[in-house]
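Worksheet: the structure to be examined is printed underneath.
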Amino acid sequence: MEKGLISVDRWSGESQAYFLTHLHSDHTNGLSSSWSKAPIFCSRLTAKLFPFKFPDFNLSLLRIVRIGSWHSVSLLSPSSGSKTVVQFMAIDAHHCPGAVMFLFRGDFGCLLYTGDFRWETTSDRAELGRNMLLNALNDSAVDILYLDNTYCNPLYDFPPREVAAQQVLDIIASHPDHDIIIGIDSLGKEDLLLHISRVLNIKIWVWPERLQTMHLLGYDEIFTTKTSLTRVRAVPRYSFSVETLDGLNTMRPTIGIMPSGLPWSVKPSEGNKNLFGSLLTARYSKSKWIGNGGVQTDEPNGSLDSPGRLHKHIYSVSYSDHSSFSEIEKFIKLVQPINMKGIVSSSCCYVDPMYYFGRLRGVNQPGQRLHQKHKRKERDEITLGTKSTFGRNFSTEVERKRGRSVKVKLLRVQSSRVSACRRVRSGAKIVDDDYTD
DNA sequence: GCGATCAGGT
DNA sequence: CACACCTGATCGC
């Protein structure tokens with residue numbers, strides 16, 4: 001086909017080489033165990049985790065890309081049919097285990113695709129990442145930066161993960177006799193859990209599948225699936241809700257901590273009316289946490305004005321694996337791309353990074369003409385994944401309201417073999433595992 | 001009965 | 001309001 005040279009995090013078209021930045025499922029839509037189109041380039045750690053997500057995948061199709069080295073692949077130019085070489089380098093994206101950015105050079109120019117990334121500036125690891133990127137760029141211009149623009153808005157202001165991790169520890173320390181539930185996904189936030197484990201000298205419960213992942217990542221002693229060994233449990237985020245926490249509290253005093261990009265409130269719902277639906281109680285500002293103090297509730301146990309407190313049993317901490325607005329800004333200043341484009345798009349929330357950062361683009365560049373040329377080439381030959389919820393908003397009101405039944409997650413009876421297997425696999429049966437053994 | 005896809009949730 | 005990902009329905013095979 002005419003437009004198929006390479007694809008990044010995009011699996012639907014016909015390309016000659018495919019690149020995977022990381023294994024979160026919003027970047028693997030369309031990828032499956034039966035994949036056979038062409039080789040997939042990814043980091044070593046992603047390759048290691050790969051079979052776990054895609055059990056019967058033909059691993060001979062994976063190409064491990066060593067981080068920080070240039071690699072090349074020879075392909076056929078879709079337009080001319082002649083040989084063309086694409087050079088590429090993987091750079092640590094500091095997002096989740098195995099996550100990398102890809103820097104490409106070829107006839108199309110120089111492209112940097114960040115995938116999801118966090119660009120902290122305070123840690124040693126961040127310093128290494130910065131140096132690696134600078135070495136890779138080696139003063140040459142990035143024609144197009146494809147940017148993780150998830151939090152590309154000045155409202156999105158949160159601390160480095162080290163600081164957020166301390167906030168989590170503070171919350172735990174202030175609840176010495178509580179069980180602690182932390183909501184996480186299938187990959188990511190391991191450093192937070194390791195930090196908690198180290199500081200409190202305690203094991204951390206995870207669901208069985210997550211334990212396997214932890215073992216693949218090389219963490220052998222820290223995590224456990226035995227509830228009796230610890231009061232701190234990391235549970236799938238989707239099983240973390242007001243109802244879950246209320247239910248758990250009928251058995252033991254328990255608080256939930258949601259490490260998440262932003263201290264947005266939980267969903268509006270009956271009985272929680274005054275709490276929800278707006279920007280929340282605390283946010284990180286100018287190097288310290290402030291409570292907004294304006295949230296009044298009828299909470300009988302006292303005010304919810306401690307930082308991040310969302311609900312009598314739930315805290316939200318801004319522990320994010322995506323870059324904050326100011327980090328995005330620093331990154332763009334460093335890269336000085338000639339042009340850029342957000343990879344996170346949705347019909348209602350897409351923020352074009354050019355809106356805030358257009359002025360930060362590289363200077364002394366030939367400008368639009370060169371850019372246009374590359375852009376055309378890129379559009380023809382490179383296929384890039386974007387996250388999108390576009391389309392969902394077109395469903396009718398009738399469809400949206402159709403047939404929703406209220407679920408009682410804690411006590412739900414397994415309704416089918418297939419869904420039972422799914423739940424067990426994903427650890428949703430947390431309460432059964434915890435309290436009926 | 002199966003995987004892929006979609007809508008609708010947490 | 002974001003993100004990541006679960007569940008159930010439906011469709012094509």
Side-chain angles (χ1 to χ4, degrees), chain A residues 9 11-12 22-35 53-56 95-96 99 115-118 148-153 155-156 158 183-189 207 209-210 235-245 256 258-269 276-280 283 310 314 316 318-325 342-351 387-410 412 414-430:
Chain A
D9 289 353
W11 315 98
S12 52
H22 67 289
L23 272 174
H24 280 155
S25 50
D26 52 337
H27 290 252
T28 59
N29 283 332
L31 190 54
S32 72
S33 290
S34 58
W35 175 266
K53 184 148 183 132
F54 301 108
D56 300 320
H95 174 65
C96 70
D116 290 348
F117 82 120
R118 178 96 204 232
D148 172 10
N149 56 319
T150 303
Y151 294 133
C152 190
N153 184 307
L155 280 175
Y156 298 146
F158 43 76
I184 60 169
D185 292 313
S186 61
L187 201 58
K189 308 214 161 65
W207 62 101
E209 278 225 326
R210 199 57 156 98
V235 306
R237 189 163 53 162
Y238 67 86
S239 70
F240 184 112
S241 67
V242 170
E243 290 75 25
T244 312
L245 267 297
M258 182 58 81
S260 156
L262 279 181
W264 293 110
S265 65
V266 291
K267 266 226 167 119
S269 66
F276 305 120
S278 62
L279 244 188
L280 214 234
R283 61 192 273 282
L310 282 187
I314 298 180
S316 169
S318 288
Y319 187 103
S320 171
D321 285 329
H322 295 271
S323 297
S324 68
F325 182 78
I343 62 172
V344 182
S345 68
S346 80
S347 56
C348 56
C349 313
Y350 175 80
V351 177
K387 310 179 185 190
S388 176
T389 54
F390 202 81
R392 181 179 295 188
N393 294 334
F394 291 95
S395 59
T396 65
E397 207 53 32
V398 173
E399 284 168 332
R400 227 176 277 137
K401 287 176 179 167
R402 176 176 39 137
R404 300 316 313 157
S405 58
V406 177
K407 290 174 196 159
V408 184
K409 191 185 303 262
L410 278 172
R412 181 161 64 185
Q414 293 166 3
S415 57
S416 80
R417 204 172 134 69
V418 171
S419 60
C421 288
R422 275 184 182 169
R423 281 201 294 276
V424 168
R425 219 173 347 112
S426 58
K429 249 179 41 135
I430 53 170

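Reminder, nothing fancy here: chain letters follow the sequence lines and each chain counts from 1.
Side-chain atoms of A:Tyr151 lie closest to C:dC3 of the nucleotides C:dC3, B:dA4, C:dC5. Relative to the side chain of A:Ser32, the nucleotides B:dA4, C:dA2, B:dT10 differ in distance, and B:dA4 lies closest. Residue A:Val344 has its side chain nearest to C:dC3 when only C:dC6, C:dC3, C:dC5 are considered. When each of C:dA4, B:dA4, C:dC5 is scored by its nearest atom to the side-chain atoms of A:Ser34, the top-ranked nucleotide is B:dA4.
C:dA4 atom P lies 10 Å from atom CD1 of A:Ile343, rounded to whole Å. In this structure, A:Asn153 atom CG and C:dC3 atom P are separated by 12 Å, rounded to whole Å. Atom CG of A:Asp9 and atom P of C:dA4 are 11 Å apart (whole Å). If you take CZ of A:Arg118 and P of C:dA4, they are 13 Å apart, rounded to a whole angstrom. One interatomic measurement links the two molecules: CG of A:Leu245 to P of B:dT10, which rounds to 15 Å at whole-angstrom precision. Atom CG in A:Asp56 sits about 11 Å away from atom P in B:dA4, given to the nearest Å. Rounded to whole Å, atom C1' of B:dG9 lies 13 Å from atom OH of A:Tyr238. The nearest whole Å value for the distance from the CZ atom in A:Phe240 to the P atom in C:dC3 is 19 Å.
Between the side chain of A:Arg237 and the base of C:dC6 there is no donor-acceptor pair of N/O atoms closer than 3.5 Å.
The phosphate of C:dC3 has OP1 or OP2 within less than 4.0 Å of a side-chain N or O from A:Thr150. Residue A:His27 has no polar side-chain atom (N or O) positioned under 4.0 Å from OP1 or OP2 of C:dA4. The phosphate of C:dC6 has neither OP1 nor OP2 within less than 4.0 Å of any side-chain N or O from A:Ser239. Look at A:His95 and you'll find a side-chain N or O under 4.0 angstrom from OP1 or OP2 of C:dA4. In terms of phosphate contacts, A:Ser25 brings no side-chain nitrogen or oxygen within less than 4.0 Å of OP1 or OP2 of C:dA4.
For the residue pair A:Ser241 and A:Thr244, a side-chain donor N or O sits within less than 3.5 Å of a side-chain acceptor on the partner. A:Asp116 and A:His24 form no side-chain donor-acceptor contact under 3.5 Å, judged by distance and modelled atom types alone.
Between A:Ser324 and A:Tyr151, the closest side-chain pair of non-hydrogen atoms is not below 4.5 Å. Inter-residue side-chain proximity for A:Phe240 and A:Ile314 is flagged as met; some heavy-atom pair is nearer than 4.5 Å.
The only member of A:Arg237, A:Met258, A:Arg210 that meets side chain to side chain contact (heavy atoms under 4.5 Å, CB included) when paired with A:Ile184 is A:Arg210.
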